[in-house]
Student: 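Before I ask anything, let me first share the structure, which is written out below as structure tokens.
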Amino acid sequence: MSTTADPLAALGALPGVAESVESVRKAVDRVYGHRIMRRRSNAVTSEAALRAARGSAALSGADWALEEVRRRTDFGTDDDARVMGAALRLTAEAGQLLSIWRQSPLRVLARLHLVAAASDEGRVGRPRQAGEAVDEPLIELPLPDAREVSGRLDGLADLIIAGSSAPALVTAAVVHGELLALRPFTSHNGLVARAAERIVLIGSGLDPKAVCPAEVGHAEQGRAEYLAALEGYVSGTPESMAAWIAHCGRAVEFGVRESTAVCEALQRGAA
């Protein structure tokens with residue numbers, strides 16, 4: 001990232017990023033203008049949350065059909081079920097942490113890991129320490145050491161607390177990408193990173209009713225494209241950083257499309 005006083009804003013000025021930001025803004029405006037959103041926004045929000053959890057879990061290896069997610073009540077029977085349960089818990093928890101995020105993002109990240117892991121083990125709810133292994137088999141990028149993780153987490157927190165003139169999409173993409181690059185916890189980093197992105201998009205005011213689930217879009221673009229875009233983010237080149245932001249923008253737009261379909265289905269049911 002840039003070393004300017006507002007590095008997030010500097011990323012927003014990269015070629016192509018403004019176009020991604022504008023495209024996302026127009027898409028979000030369209031779904032918020034749907035007539036169903038004026039009368040049944042709570043129903044759209046609930047459905048978007050379910051689909052967000054399903055999408056995030058799919059990227060972490062638990063690729064279930066949506067109806068299976070609706071049907072199941074036991075999320076502790078096997079590895080895939082535990083991943084899905086963690087994704088559902090995180091999606092629900094994200095909305096409770098919005099007021100804390102801007103003041104204490106590291107506290108929020110710790111809480112997200114606690115919720116995902118659903119364990120009181122000593123390694124849960126804190127950044128990993130030297131020598132601790134990371135269980136994140138689907139991300140094969142080089143793993144930063146604990147000292148680098150600590151420094152970059154502090155830097156990320158400072159950026160969030162200081163605030164930025166950057167568009168919400170840029171901030172959300174950087175938070176998401178940085179957490180995936182660092183994998184600061186011993187497990188559940190992908191789920192936590194996507195939940196943090198969700199918090200930024202909602203808390204920024206871009207998607208205050210949480211009806212534009214980026215998790216859906218990340219999953220729909222496919223794991224291979226997701227990981228390729230992440231590899232570009234890690235490379236740190238301006239072109240690759242812009243491509244990662246654009247990837248995250250497309251994810252939001254796919255989420256908008258999903259919720260627009262939900263709105264249309266609700267409208268048909270009410271007709």
Side-chain angles (χ1 to χ4, degrees), residues 19-60 62-72 84 86-98 101 167-173 175-176 190-191 193-223 225-226 229 245-271:
E19 290 81 356
S20 295
V21 168
E22 180 65 10
S23 181
V24 166
R25 186 191 63 77
K26 288 180 178 178
V28 172
D29 285 349
R30 284 195 298 271
V31 72
Y32 272 82
H34 197 288
R35 60 184 297 184
I36 284 293
M37 287 295 294
R38 295 194 292 272
R39 297 183 285 115
R40 301 189 62 186
S41 64
N42 288 344
V44 182
T45 295
S46 295
E47 184 64 20
L50 186 71
R51 295 176 186 222
R54 185 255 158 211
S56 189
L59 289 168
S60 286
D63 193 357
W64 289 11
L66 187 60
E67 291 310 313
E68 178 73 0
V69 182
R70 294 189 203 282
R71 183 184 67 81
R72 289 283 289 269
M84 185 61 68
L88 288 165
R89 291 192 300 274
L90 283 172
T91 303
E93 186 74 9
Q96 309 303 312
L97 299 171
L98 298 174
W101 173 254
L169 173 64
V170 174
T171 303
V175 167
H176 185 171
L191 294 174
R194 291 183 288 275
E197 179 187 50
R198 179 180 183 82
I199 288 171
V200 174
L201 293 172
I202 298 169
S204 67
L206 177 65
D207 181 23
K209 294 183 182 294
V211 297
C212 308
E215 301 94 330
V216 169
H218 288 302
E220 190 161 336
Q221 291 179 85
R223 189 183 300 154
E225 187 169 336
Y226 181 67
I245 294 167
H247 174 91
C248 292
R250 288 191 297 274
V252 175
E253 293 186 59
F254 277 121
V256 166
R257 188 178 69 181
E258 190 89 352
S259 285
T260 300
V262 171
C263 287
E264 295 294 332
L266 290 170
Q267 185 167 279
R268 288 192 298 273

Student: So, using side chain to side chain contact (heavy atoms under 4.5 Å, CB included) as the criterion, who are the partners of Glu93 when residues are at least two apart?
Tutor: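 Side chain to side chain contact (heavy atoms under 4.5 Å, CB included) check on Glu93 returns Leu97, Arg111, Val115.
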
Student: To the closest 0.5 Å, what do you measure between CZ (Arg39) and SG (Cys263)?
Tutor: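 Going from the CZ atom of Arg39 to the SG atom of Cys263 covers 10.0 Å.
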
Student: Kindly compute the distance separating CG (Leu191) from OG (Ser60), expressed to the nearest 0.5 Å.
Tutor: 4.0 Å

Student: Is there a donor-acceptor pair closer than 3.5 Å between any side-chain N or O of Ser46 and the backbone N or O of Asn42?
Tutor: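 Such a contact is found between Ser46 side chain and Asn42 backbone.
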
Student: Taking the side chain as every heavy atom from C-beta outward, state whether Glu258 and Glu47 have any pair of such atoms under 4.5 Å apart.
Tutor: no

Student: I'd like to check the side-chain hydrogen bond (donor to acceptor under 3.5 Å, both in side chains) partners of Tyr226; sequence neighbours left out, ordered by chain and number.
Tutor: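 If we apply the side-chain hydrogen bond (donor to acceptor under 3.5 Å, both in side chains) test to Tyr226, skipping adjacent residues, the hits are His176, Arg194.
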
Student: I want to check something: taking the side chain as every heavy atom from C-beta on, are Val44 and Met37 in contact at a cut-off of under 4.5 Å?
Tutor: yes

Student: Any side-chain heavy atom of Val262 sitting closer than 4.5 Å to one from Arg51?
Tutor: yes

Student: Determine the minimum heavy-atom distance between Leu266 and Ala43, stating which atoms define it.
Tutor: CD1-CB, 4.1 Å

Student: So, taking the atom named CG in Asp207 and the one named OG1 in Thr45, what distance separates them when rounded to the nearest 0.5 Å?
Tutor: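 Reported to 0.5 Å precision, the distance equals 8.0 Å.
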
Student: Quick one: list whatever passes side-chain hydrogen bond (donor to acceptor under 3.5 Å, both in side chains) with Glu220, sequence neighbours left out.
Tutor: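 By the side-chain hydrogen bond (donor to acceptor under 3.5 Å, both in side chains) rule, Glu220 matches Arg257.
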
Student: State, to 0.1 Å, how close Ala53 and Met84 come at their nearest heavy-atom pair, and which atoms those are.
Tutor: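 Here Ala53 and Met84 meet closest at O-SD, 4.2 Å.
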
Student: Hey, does Glu197 have a side-chain heavy atom less than 4.5 Å from the side chain of His218?
Tutor: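 Of all side-chain heavy-atom pairs linking Glu197 with His218, at least one is under 4.5 Å.
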
Student: My understanding is that only residues two or more places apart in sequence, or in another chain, count here; which of them pass side chain to side chain contact (heavy atoms under 4.5 Å, CB included) with Ala48?
Tutor: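 So Ala48 forms a side chain to side chain contact (heavy atoms under 4.5 Å, CB included) with Pro213, Ser259.
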
Student: Looking at CG of Leu169 and CG of Leu201, how far apart are the two atoms once the value is rounded to the nearest 0.5 Å?
Tutor: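 Rounded to the nearest 0.5 Å, the CG-CG separation comes out at 7.0 Å.
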
Student: Shortest non-hydrogen contact from Asp63 to Ala58?
Tutor: OD1-CB, 3.7 Å

Student: Looking at Glu67 and Arg54, is there a salt bridge between them, counting it only when a charged N and a carboxylate O are closer than 4.0 Å?
Tutor: no

Student: Judged by atom type as modelled, is there a donor-acceptor pair below 3.5 Å linking the side chain of Gln221 to the main-chain atoms of His247?
Tutor: yes

Student: Flag the pair Leu90 / Ser56 as yes when at least one side-chain heavy-atom distance between them is below 4.5 Å, and no otherwise.
Tutor: no

Student: Please list, chain by chain and in numerical order, all residues satisfying side-chain hydrogen bond (donor to acceptor under 3.5 Å, both in side chains) with Asp29, sequence neighbours excluded.
Tutor: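 Here the qualifying residues are Arg25.
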
Student: Closest approach of Gly255 and Val216, non-hydrogen atoms and distance?
Tutor: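 Result for this residue pair: CA-CB, 4.4 Å.
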
Student: Mind listing the closest non-hydrogen atom pair of Leu206 and Ala168 along with its distance?
Tutor: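 Heavy-atom minimum between the residues: CB-CB, 4.1 Å.
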
Student: In chain order, what residues pass the side-chain hydrogen bond (donor to acceptor under 3.5 Å, both in side chains) check against Arg35, with sequence neighbours excluded?
Tutor: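 With neighbours one apart ignored, the set is empty.
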
Student: If you measure from SG on Cys212 to CZ on Arg198, what distance do you get to the nearest 0.5 Å?
Tutor: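 Interatomic distance, Cys212 SG to Arg198 CZ, rounded to 0.5 Å: 10.0 Å.
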
Student: Answer yes or no: is there a side-chain heavy-atom contact under 4.5 Å between Ile202 and Trp101?
Tutor: no

Student: Indicate the atoms forming the closest heavy-atom contact of Ala49 with Thr91, along with that distance.
Tutor: O-CG2, 3.4 Å

Student: Would you find a donor on one side and an acceptor on the other, under 3.5 Å apart, between the side chain of Thr260 and the backbone of Val256?
Tutor: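 At least one qualifying donor-acceptor pair exists.
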
Student: Are any of the side-chain heavy atoms of Leu88 and Val69 separated by less than 4.5 Å?
Tutor: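 In short, these two side chains touch, coming nearer than 4.5 Å.
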
